[in-house]
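Here is the structure we will look at.
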Amino acid sequence: MKKVIIIFLGIIFSKVQVLACAACKELQPTFLRGITHGPGPDGNFDYIIVLIAIVITLLTLYYSIKWLIKPGENNINHIKQSILKDDIS
């Protein structure tokens, strides 16, 4: 675990350029300029694909957090009840 933390902090505090270089900034559309390397989207279909991916990701995040906080299983025979019992056999 210590190695992971050290690597993570090293990445955060390193002086690696993570934003677009000057040549890539010129190839990007105005509102994406300076965010990433490479050429910008080729057409409107690329924006639709990215928008769908963002929606799926946000829905997955929402439901993951929701069901972690309040799972909603109230059945006495559910597997979590055997884990959460107060008495230890």
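All of these numbers come straight from a predicted model, not from anything done at the bench.
Through ILVMFWY side-chain contacts below 4.5 Å, Leu68 is grouped with nothing and stands alone.
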Donor-acceptor pairs under 3.5 Å, side chain of residues 38-57 to any protein atom, not counting sequence neighbours: which ones?
from  : atom 1 : to    : atom 2 : distance (Å)
Asp46 : OD2    : Asp42 : N      : 2.7
Thr57 : OG1    : Ala53 : O      : 2.8

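Residues passing the ring-ring contact (aromatic ring centres under 6.0 Å, His included) test with Tyr62: none are found, sequence neighbours excluded.
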